[in-house]
Amino acid sequence: MPAEPDGPPPAATLPEATPPGATRYARVVVDSRLPQLDRLFEYRVPPGMTGVEPGVRVRVPLRGDRLTSGWVVETTDARAWEGEVADVEKVVSPVPVLQPEVWALARAIADRAAGGAADVLRVAIPGRQARIEKQWLAQERAELPPLPEAVEAAAVLPGLVEARRRVAIECAGGVAEITDAEGAPVWVGRWAISLASIARQAIERGEQAIIVVPDHRDQRQLRIALAAAIGDERVVELDARQKNPERYRGFLRCIDGEPIAIIGPRSAVYAPAPKLGLLAIWEDGDPLLSEPLAPWVHARDAALVRQGQSGCALVLAGHARSSDAERLVELGFLEHERLGAHRVRVLPSALTDDGRRVPAVAFRAAKEALATKPVLVQVARPGHAPGLRCGDCGARARCTSCAGPLGRSSRGAVPSCRLCGRLAAAWRCQSCRGTSLTEVGRGSSRIAEELGRAFPGVPVMVADGEHERLTIDAKPRMVVATRGAEPLADGGYGAVLLLDGDALLSREGLRVAEEAVRQWATARALAADGATVVLTGAGGATVTAITGDTTVPFAKAELAERRSLRFPPAVRTASVVGHPDAVAEAVEALAEIEHLDVLGPVPAPADVVKGSREGELERAIARFAYADGARVAGVARGRVLAAASRPRKPGAPPRLRIRLDDPEPFDGL
DNA sequence: AGCACGCCGACT
DNA sequence: GTCGGCGTGCTC
């Protein structure tokens, strides 16, 4: 920021604004999960203590001499708290890890989710690494090298960042070759190149870009594409999979405020970025973007709040439009864009008579493609046989300890429980005492064996959770992958076989069809131009979603159906779980809100809250309009607060838990 | 969470 | 008369 030509120096360069002798106070958010403590506490800065500045981590006494960690939100000369004021115990580190805009964001997100701000901060701020911090404090900031030459023709949606547009982007798919930081050619999804180009717009304006991805596979592609677009010195990764020191190093670079692109998993949406030009979410329909910790906020929702606060450009992108993004398009909040063209032929195919073999169309497509390129086979389940039946009476083989389904992880392996993993070495049928087992269904390794026999001489590899493979070269081969584990092939796949459509769609659940379409679109995007994609075992709207060249009509239809059923994302929800009394009180309080309806309460399933027994707790679901969100969250927070100060037995589940926009109860609908 | 405060039953 | 039950409230 330039100083006035002849004016005083900027305030930040003055040594210490407070005159000696005046008492300073610090308002601190304490790092606690208790709803009762979710507010600012005021402490005196003892004379002689330095470094108590907004954003730093401090230790403060809470209730007598018990010390708690917290972050300074602001410092003042005038105290607002009338009662007794304790002293800040010490400054843990001088680094302002809680930036003002992140505090404002955490507060707003917590309020919207009826949760505590400290819970959000725990996700937003990585644990301190003293060694890394020391390096960061000592190092002098090097000037960033100039941006790589821009390729005019490669510009994607020019002016998007400058105009602060809010856009839902459907990316057409396909792969492309670019040059990595060392000058070697690498293949990445075209989506990554598009997002990198948009991010460059922010960097060119001297602003930051945050791009959130569901997993490290996408992050890898995006990192490569960004390195090509803006130089790898300007790419900061905030990956929870990284070693803690690496993660903290990246986090500290964000605080520097340079024009950089920040990429990472769902928590990256909270990265400090004082000059945020672009906030983008890749694959916003991916359930991985939903935070599994309280207050269970989806990165898309966090991004919407953050965009509202910072006014930056917003992008929700994916190979398939999510019903949530489509809702925002229909509302006029987001514009629709479609990027690129991907020429593939998608052939729907019914299951064959015996339902066991690869259909003839798929066989032909694979055979043709294998002459020059690899072939991707997407299957629903890992392992050898996902299910087992009694060979004598046909009863489903179940785990003796948890009643979960037994399966076989590899040919001839001892059956094991797919839920708890226990081995069932001496299995006997519960109903007929029989000991022979028949395999039901085919997992990735069994399909790989079958394909190996069907295509003699063609190498077959498996890619699933256990055999992770990010990329493969362009040599012809069969790649059998579970959903989400598909490797990226140099040059793209010559054919993509989406087997097991029926298995994907047979589950019950609000988002089953939408999720299937998303996973198919993801696999389809890995195909080379001109490739054939075969989809088996699916029907109806999901098929046209994937054979056509846009998923938008499908998302529209999904949304329309959810509207008629009053299901999310047409409405918001609050799931209320706890002691029957507490649930009844909460439901009563929520029912005061107009147009809010309540399903239940009904006995809650076991373990809906960790350690709860079947029928011990009750659950109710409230549905309400987006416009009533603040009121619902306020009432919910009030009930949780009231329930929290009531006694409960040690080890017992909490008396009341309210989760807003909890997808879980709708999984089985 | 944890701990102090406070108002009703069995005891020296 | 008092010791102590745990419902209620509070944490700068």
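All chains are named by letter (A, B, ...) in the order of the sequence lines, taking the proteins before the strands, and each is independently numbered beginning at 1. Here the structure is a predicted model, which means the values were calculated and not measured.
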Q) Any idea how A/Tyr43 and A/Phe41 line up, ring-wise: parallel (<30°), tilted (30 to 60°), or perpendicular (>60°)? A)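 Ring orientation of A/Tyr43 relative to A/Phe41: tilted.
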Can a cation-pi geometry be assigned to [X] and [Y], taking NZ or CZ under 6.0 Å from the six-membered ring centre and within 45° of the ring axis?
{"X": "A/Arg511", "Y": "A/Phe666", "answer": "no"}
{"X": "A/Arg27", "Y": "A/Trp71", "answer": "no"}
{"X": "A/Arg566", "Y": "A/Phe624", "answer": "no"}

Q) Would A/Trp81 count as stacked on C/dC12 if the rule is ring centres under 5.5 Å and plane angle under 30°? A)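 Stacking between A/Trp81 and C/dC12: present.
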Just the rounded figure in Å: distance from [atom2] of [N] to [atom1] of [X].
{"X": "A/Leu641", "N": "C/dG9", "atom1": "CG", "atom2": "P", "result": "12 Å"}
{"X": "A/Arg33", "N": "B/dG2", "atom1": "CZ", "atom2": "C1'", "result": "15 Å"}
{"X": "A/Leu62", "N": "C/dT11", "atom1": "CG", "atom2": "C1'", "result": "5 Å"}
{"X": "A/Glu89", "N": "C/dC12", "atom1": "CD", "atom2": "P", "result": "13 Å"}
{"X": "A/Asp38", "N": "C/dT11", "atom1": "CG", "atom2": "C1'", "result": "14 Å"}
{"X": "A/Arg24", "N": "C/dC12", "atom1": "CZ", "atom2": "P", "result": "20 Å"}
{"X": "A/Glu82", "N": "C/dT11", "atom1": "CD", "atom2": "P", "result": "13 Å"}
{"X": "A/Leu40", "N": "C/dT11", "atom1": "CG", "atom2": "P", "result": "15 Å"}

Q) Is the distance from OP1 or OP2 of B/dC3 to the nearest side-chain N or O of A/Arg66 less than 4.0 Å? A)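 Result: yes.
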Q: Classify the nucleic acid contact of A/Gln36 as base, sugar-phosphate or nothing, counting any heavy atom under 4.0 Å across all strands shown.
A: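 A/Gln36: base contact, heavy atoms under 4.0 Å.
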Q) Which part of the nucleic acid does A/Leu37 contact within heavy-atom distance under 4.0 Å: base, sugar-phosphate only, or nothing? A)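 Result for A/Leu37 = base.
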